Amino acid sequence: MAHSLSLRDQLLNAGLVTKEQVEQANQKPPKADKPAQTKKNGGKASPNKPARPDKKPGKPAQEPSDLETFYREREQLERTERHEQERLARERAARKKELREKVHALLQDKLQNREDADIRYNFAVGDNIKYLYVTAEQQQQLADGALAITFLEGKRCLISADIAQQLLEIDPGKLVVINTPDSTDPAP
């Protein structure tokens, strides 16, 4: 069984083509829209063909495809949205810090917690029951709505009802527990 040679090998064996010509024929020609690829002979153009310039003078640049335009616009939109979200987050953080400073300044010297308090006063925060130690007088004032409870830096604090109202004006989201005596209780 005879082994058949390809036409390329037959031409090479017959001496009709050189090895360089076979290698050049094996290379794919560069496409018109891509820049010229480097050649195996050190990047020099072949002596038979002049070097192809990348851009011809006076020829306008190629228009980007619809897909490229879409991706550029989407990337720009995402970048703009990300910057806007970062700006809003910085503004929220600055407002929160300002509120925290105002609350701290308002409450700084007006806390009525006492070290000698020994009565445990329970109060509800959502579904949780919290407690604070108060004196008998403070317990009555809490029941009457003259005192309120708030939190400052994680601590339970007793404050007057007037200060509690000012606190809610500064920060309506601040947790303040105030008892409001029910005026709808039937008279005994």
Side-chain angles (χ1 to χ4, degrees), residues 30-31 33-38 54-55 59-188:
K31 293 185 178 182
D33 60 342
K34 291 185 179 178
Q37 296 175 344
T38 59
D54 286 343
K55 292 184 179 180
K59 184 178 177 183
Q62 184 180 4
E63 294 288 322
S65 72
D66 290 341
L67 189 59
E68 289 173 326
T69 304
F70 168 76
Y71 280 124
R72 278 194 199 118
E73 289 173 358
R74 187 176 80 176
E75 181 181 334
Q76 179 64 32
L77 180 63
E78 288 173 351
R79 187 178 310 120
T80 303
E81 288 175 353
R82 188 173 55 247
H83 289 299
E84 181 66 16
Q85 289 173 350
E86 290 170 356
R87 183 186 64 78
L88 290 173
R90 284 191 302 270
E91 286 178 5
R92 278 192 302 270
R95 278 194 304 268
K96 188 175 180 179
K97 181 180 178 184
E98 182 182 341
L99 281 176
R100 193 170 43 243
E101 289 172 354
K102 283 182 180 180
V103 166
H104 194 280
L106 176 67
L107 298 179
Q108 188 174 11
D109 297 328
K110 297 172 181 79
L111 300 181
Q112 297 186 19
N113 295 40
R114 301 229 339 235
E115 293 290 323
D116 62 341
D118 58 350
I119 299 172
R120 181 178 166 143
Y121 182 81
N122 295 323
F123 60 98
V125 176
D127 293 337
N128 297 322
I129 301 295
K130 305 284 185 180
Y131 64 91
L132 175 70
Y133 286 100
V134 296
T135 63
E137 180 184 341
Q138 288 173 333
Q139 183 181 27
Q140 186 59 47
Q141 288 175 332
L142 281 165
D144 294 339
L147 286 181
I149 302 171
T150 190
F151 292 85
L152 180 64
E153 298 173 359
K155 296 180 183 176
R156 299 168 185 116
C157 302
L158 275 176
I159 55 175
S160 70
D162 295 337
I163 298 298
Q165 292 302 324
Q166 291 176 25
L167 180 60
L168 289 174
E169 288 173 11
I170 292 173
D171 185 2
K174 184 74 173 165
L175 178 64
V176 177
V177 179
I178 303 176
N179 283 337
T180 51
D182 235 355
S183 59
T184 58
D185 286 340

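Owing to the predicted nature of the structure, the values given are computational and were not obtained by experimental measurement.
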Please give me the minimum heavy-atom distance between I170 and L99, naming the atom from each residue. O-CD2, 3.2 Å
Is there side-chain contact between I149 and C157, with heavy atoms separated by less than 4.5 Å? no
Hey, does L147 have a side-chain heavy atom less than 4.5 Å from the side chain of I178? no
Heavy-atom closest pair (L142 atom, N179 atom, distance to 0.1 Å) is O-ND2, 3.0 Å
What closest approach, in Å, do K174 and L168 show between heavy atoms, and which atom pair accounts for it? O-CD2, 3.6 Å
About how many Å separate NZ of K155 and CG of L152, when rounded to the nearest 0.5 Å? 8.5 Å
F123 side chain near L132 side chain, heavy-atom distance below 4.5 Å: yes
May I have the step-by-step check of salt bridge (charged side-chain N to carboxylate O under 4.0 Å, His left out) for R74 and E78, ending in yes or no? CA-CA 6 Å; R74 187 176 80 176; E78 288 173 351; 3.8 Å; yes
Between A148 and A164, the two heavy atoms sitting closest are CB-CB, 3.7 Å
Does E68 use its side chain to pair, donor to acceptor, with the backbone of S65 at less than 3.5 Å? yes
Can a side-chain donor-acceptor contact be found between R82 and Q85 if the only test is distance below 3.5 angstrom? no
Can any side-chain N or O of D144 pair as donor or acceptor with the backbone N or O of A146 at less than 3.5 Å? no
N113 side chain to R156 backbone, donor-acceptor under 3.5 Å: yes
Just checking, any donor-acceptor pair under 3.5 angstrom between side chains of Q166 and D162? no
Answer whether the closest heavy-atom distance between the side chains of L111 and I159 falls below 4.5 Å. yes
With sequence neighbours left out, which residue pairs that include part of residues 133-154 fulfil the ring-ring contact (aromatic ring centres under 6.0 Å, His included) condition? Y131-Y133
CD of Q112 to CG of L107, rounded to nearest 0.5 Å, is 11.0 Å
Passing option when T150 is tested against V176, I163, V177 for side-chain contact (heavy atoms from CB on, under 4.5 Å): V176
Using a 6.0 Å cut-off, check whether atom CG of D116 has over 12 heavy atoms from anything other than its own residue. yes
Check this for me: K110, atom NZ, are more than 12 non-hydrogen atoms of other residues, nucleotides or ligands nearer than 6.0 Å? yes
Check the pair R87, E84 against salt bridge (charged side-chain N to carboxylate O under 4.0 Å, His left out), reporting the backbone distance first and the verdict last. CA-CA 5 Å; R87 183 186 64 78; E84 181 66 16; 2.3 Å; yes
Got N122 and K130 here, is their nearest side-chain heavy-atom distance under 4.5 Å? no
First locate atom CD of E101, then atom CD of E98, and finally report the distance between them rounded to the nearest 0.5 Å. 7.5 Å
Nearest non-hydrogen partners of R114 and Q138, listed with the distance: CG-NE2, 3.4 Å
